[in-house]
Amino acid sequence: MRLDKTKQGWWKDAVFYQIYPKSFQDTTGNGTGDLRGIISRLDYLENLGIDGIWLSPVCRSPQVDNGYDISDYCDIDPIYGTLADMEELIREAKKRGISIILDLVLNHCSDQHPWFLDAKKGPESPYYDYFIWRDAPNDLDSVFGGSAWTYVPELNKWYFHQFAPQQPDLNWENPRLRQALYESIRFWVDKGVEGFRLDVIDQIAKEPDRHITINGPRLDEYLRELSAKVFHPEPLVTVGEAWGADVERAKLHSAPDGSRLSMVFQFQHIGLDQAPGGAKWDIVPLPLVELKRVFAHWQQGLRSSGWNSLFLNNHDLPRTVSRWGNDGQYRVESAKMLATMLHGMAGTPYIYQGEELAMTNIRLRRDQYDDVETHNLFRDRLALGYSEEEILRSVHARGRDNARTPMQWTDGENAGFTTGKPWLPVNENHSFINVEAALADPDSVFYHYQKLIRLRKTMPIFREGDFTLVDPENSKIFAYIRHWEGKQLLVVCNFTAETLAWELPQPFQAARCLIANYPQDCSGLRPYEAAMYYLD
Ligand code: GLC
């Protein structure tokens with residue numbers, strides 16, 4: 001089913017798929033994925049039923065943070081191919097009803113970007129004020145550990161970076177910088193890109209002297225300007241990554257008049273299994289009652305105004321089947337359960353590559369990791385006296401490389417990802433978790449996703465229905481009801497490996513089961529059982 005993308009708000013009925021290009025499909029044998037690899041897999045994605053691809057950054061980059069450190073906003077990194085490949089990808093995707101959504105990294109660029117190289121010549125450079133310079137650092141830390149300031153001896157100045165030192169922050173207070181960014185965005189719109197994901201967008205309005213990194217006072221002004229100057233005349237879809245968003249902010253960011261963004265990625269559900277006051281590495285069991293409360297808060301909060309994004313996975317998060325499901329005996333059941341729980345809600349779902357196969361986390365040795373954040377964690381926590389074993393335990397559970405191992409296409413060598421040496425090890429479980437096997441098995445996780453996508457497109461209750469939790473204090477079952485124009489949808493999910501006593505509530509005994517991960521039997525819930533029931 002294709003969406004009419006000339007319609008304002010088409011993205012409310014869409015399902016997007018995130019590709020981490022480095023790990024998707026290699027066609028050159030150099031061990032990293034590339035654009036031609038993505039083109040070769042478009043039929044697979046069309047079969048899944050998605051409407052757009054959010055492509056993690058493919059612009060020219062020294063790859064210190066896998067492309068989130070851009071040195072040319074208007075060119076393709078040679079490891080991924082050429083501008084002509086990109087144009088072909090946009091064209092070929094469009095033929096299949098698939099939009100390309102580019103990842104815009106506007107908070108910072110690479111320290112190898114010509115702007116920064118020139119700025120380092122000193123205040124007389126026209127690019128000096130594209131960045132944030134001070135005579136002395138303050139005590140702000142970077143997200144990746146260590147100080148947020150790096151010294152440049154030639155200038156006797158410090159520059160600000162919220163991420164790695166190789167990712168200097170851009171100074172949004174400078175209107176010339178903003179203009180330069182808008183021009184590079186227009187370059188891609190002219191090439192036929194149909195939307196953007198905006199990296200750490202709520203960090204652009206930083207005011208480091210006041211210790212403000214997120215949600216700075218000028219953020220809304222910048223978003224309005226960005227939208228008016230580049231997004232607004234087109235029916236583009238825009239999604240901002242906003243770690244600092246609460247419901248009120250998200251309402252504003254996704255105001256229905258299109259004056260800012262289409263929606264944001266918020267992360268309140270993601271931090272729930274993190275020890276209070278700790279870092280993401282400090283893990284506690286998921287409090288399901290809290291998870292239900294947070295989802296209900298967002299579903300109800302953005303009902304009258306604004307729009308939700310729906311996701312459990314991305315390239316920065318561990319695989320959710322390993323995290324909140326069960327990646328052993330009940331891998332398939334729990335992956336389908338998590339998908340059912342999420343895709344029953346209002347919002348635009350995002351599927352991360354391999355999620356539709358229930359790909360799992362990986363346990364690597366310290367020297368096999370690639371991620372700059374993981375390396376910094378070892379550096380910082382070893383200095384604090386943690387043992388290597390303790391750190392590895394955190395990395396195995398939360399490290400970003402869990403999500404970044406190559407896509408598993410076949411049970412063959414390197415999972416069919418590359419004929420060369422993969423840049424990150426392929427998970428050994430590709431012997432049984434792979435696309436070929438999934439496509440051959442009518443009961444696979446892949447077909448469960450395909451069915452969920454179809455249901456969303458054919459039944460308006462998914463977009464329009466309200467949201468009420470059933471039994472909110474139940475710490476093992478996540479169930480909710482959506483109502484719309486006299487119709488009702490019940491979603492029920494067992495979050496445990498136990499069989500639980502449960503009865504289909506009235507009036508759903510007469511309901512039609514739309515989708516389930518076990519053969520029908522309405523008494524009790526089997527391990528990780530999930531189903532959707534519909535009454536019209
Ligand atoms: C975002 C990206 C992440 C990157 C960071 C810095 O959080 O998703 O991968 O490291 O921004 O650009």
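Each residue takes its place number in the sequence, starting with 1. Since the model is a prediction, treat every value here as computed from it, not as a measurement. Indexing begins at 1, ligand by ligand and atom by atom, following the structure's order.
Look at Asp316 and Arg404 and you find a salt bridge, because one of the NZ, NE, NH1 or NH2 atoms lies within 4.0 Å of a carboxylate O, short of that distance. One finds a salt bridge joining Arg365 and Asp367 here, because a Lys/Arg side-chain nitrogen approaches an Asp/Glu carboxylate oxygen to under 4.0 Å.
In this model, no donor atom of one side chain and acceptor atom of the other lie less than 3.5 Å apart for Ser61 and Asp77.
If you run side-chain contact (heavy atoms from CB on, under 4.5 Å) between Lys206 and each of Leu140, Leu219, Ile212, Ile132, only Ile132 comes through.
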Within the protein, flag every N or O under 3.5 Å from an N or O of ligand 1, and note the pair and distance.
unit_1, atom_1, unit_2, atom_2, d
ligand 1, 7 (O), Glu241, OE1, 3.2
ligand 1, 7 (O), Glu241, OE2, 2.9
ligand 1, 8 (O), Arg197, NH2, 3.1
ligand 1, 8 (O), His315, NE2, 2.9
ligand 1, 8 (O), Asp316, OD2, 2.4
ligand 1, 9 (O), His315, NE2, 2.9
ligand 1, 9 (O), Asp316, OD1, 2.7
ligand 1, 9 (O), Asp316, OD2, 3.4
ligand 1, 9 (O), Arg400, NH1, 3.4
ligand 1, 10 (O), Asp65, OD1, 3.3
ligand 1, 10 (O), Asp65, OD2, 2.5
ligand 1, 10 (O), Arg400, NH1, 3.0
ligand 1, 11 (O), Asp199, OD1, 3.0
ligand 1, 11 (O), Asp199, OD2, 3.1
ligand 1, 12 (O), His108, NE2, 2.9
ligand 1, 12 (O), Asp199, OD2, 2.8

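A cation-pi geometry, defined here as NZ or CZ lying under 6.0 Å from the six-membered ring centre and within 45° of its normal, does not hold between Arg41 and Phe24.
Using the six-membered ring where Trp is involved, Tyr159 and Trp133 have ring planes that are perpendicular, over 60° apart on the 30 and 60° scheme.
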